[in-house]
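Read the structure below first, then the notes.
Both ligands and their constituent atoms are indexed starting at 1 by order of listing.
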Amino acid sequence: MPATDRLYYSDSHLIEFEARVLDVTERVSGWAAVLLNRTAFYPTGGGQPSDTGTLNGLRVVECIDDGEKGVLHVVQGATPAVGAIVKGRIDWPRRLDHIQQHTGQHILSQAFVTLCNAPTKSFRVLDQSCEIDIELTNPTTELIERAVELANNVIWENRRLTIRNVTAEEAAALPLRKEPVREGELRLIEIDEFDLTPCGGTHAYRTGEVGMIAVRSWERAKGLTRIEFVAGGRALSDYRRANTSARAIAGLFSAGRDDTPSLAARMIEENKGLQRRLRALEQVAIHVEADELIDQAEVREDGTRLIVHVFEDRDADSLKKLAQALISKPKTIALLGSHDKDTARLVFARSVEAAGDMNALMREACGRLDGRGGGKADMAQGGGSNLQRLGEAIDLAAKALETIW
Ligand SMILES: [Zn+2]
């Protein structure tokens with residue numbers, strides 16, 4: 001016989017109880033585990049988190065199912081003596097939340113069985129929502145919304161839940177939603193004319209207590225369909241968060257909440273068009289800029305034009321495009337640098353008929369910038385972290401070119 005009489009089996013709404021302390025042991029965490037002869041505290045199990053609450057005012061942080069032995073109440077502070085009579089009190093808002101999620105899961109799982117013969121393989125109560133993994137190969141919005149509608153109708157019909165204790169033989173003759181995982185006498189939870197399944201958790205008296213079920217999202221996972229849902233108070237919290245986000249977005253558009261998806265889609269399309277237009281204009285601007293730099297360039301005796309310039313706030317891509325525009329002119333060499341946030345950028349380039357090894361010049365210059373770079377004889381790129389030496393690195397590259405002219 002189990003040492004602890006589990007009061008939550010017969011009454012899921014029992015909040016206060018008195019019990020005798022059977023044993024007190026120390027946990028690895030340094031906290032104590034109190035074993036009682038009876039308890040209303042539900043221990044972690046079956047996808048449902050543990051209750052919390054108090055024992056004689058001591059905080060019960062978790063309850064652990066110790067099988068045959070019973071339920072261990074993990075407490076902080078001075079523990080009661082063995083043999084003492086203690087007063088237990090569970091946190092009702094937390095219990096009600098678990099009742100809503102857990103009973104909601106029974107209803108939603110049966111809705112998927114009723115509509116598409118898709119049994120539930122696992123269930124988890126998470127921090128803000130819950131998950132079930134069901135055997136459904138082709139989830140569609142329409143099918144999932146039909147299941148949600150059926151589940152909510154069952155909730156609003158306020159059907160009674162009944163606990164039935166049966167033998168294994170009796171259970172074998174009943175249409176259970178899932179196979180029992182334990183042997184011997186079984187505890188069945190029946191939702192009037194809707195669902196019958198073995199379960200050791202805490203449930204609503206009537207389905208109306210669940211309030212409402214909403215599906216937040218779903219995805220295919222490990223050959224199953226994972227459905228994220230919320231029930232009861234969590235559905236209200238989730239609605240509040242969703243409504244707050246939707247209204248904040250609507251405020252940015254100065255529009256009604258439900259008009260924003262089409263407005264956002266239109267804005268994204270417009271933005272793509274603007275990006276394309278911007279790139280085209282940048283190309284035009286870069287050629288205008290290149291022409292101006294060429295006009296100002298010094299021309300060597302052999303007709304080679306040398307353009308040396310350092311820019312503020314110019315990224316590597318823009319620098320390279322400018323270099324390409326410059327060397328599209330004959331006999332042109334461009335030694336370009338830029339302060340790009342915390343990085344010094346360099347692009348050295350020359351047109352085909354100009355002389356000079358841009359790759360060698362780049363490697364030398366990047367050494368001065370504590371960075372790296374390279375490329376080909378006519379086009380090389382690089383950079384480094386030493387921004388102070390950017391000007392010096394470019395000047396030295398220009399001087400090195402003097403030696404070959
Ligand atoms: Zn259950």
Does a donor on one side chain and an acceptor on the other come within less than 3.5 Å for Thr52 and Asp91?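 Yes, a side-chain donor-acceptor pair sits under 3.5 Å.
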What I want to check is whether the side chains of Thr202 and Gln48 have a donor and an acceptor closer together than 3.5 Å. yes
Among residues two or more places apart or on two chains, list those pairs meeting ring pair (Phe, Tyr, Trp, His ring centres under 6.0 Å) that have a residue in residues 67-94.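 Passing the test, one end in residues 67-94: His13-Trp92, Phe41-His73.
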Side-chain donor or acceptor of Thr79 paired with backbone N/O of Ala32 under 3.5 Å: no
Metal site the Zn ion (ligand 1), protein N/O/S atoms found under 2.8 Å: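 Under the 2.8 Å cut-off, the count stands at 4.
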Does anything in residues 346-362 form a side chain to side chain donor-acceptor pair (under 3.5 Å)? List the pairs, not counting sequence neighbours.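 Applying side chain to side chain donor-acceptor pair (under 3.5 Å) to every pair that reaches into residues 346-362, excluding sequence neighbours, yields Ser351-Glu353, Asn359-Arg363.
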Tabulate below the donor-acceptor pairs under 3.5 Å that side-chain atoms of residues 276-285 make, not counting sequence neighbours, or state none.
none

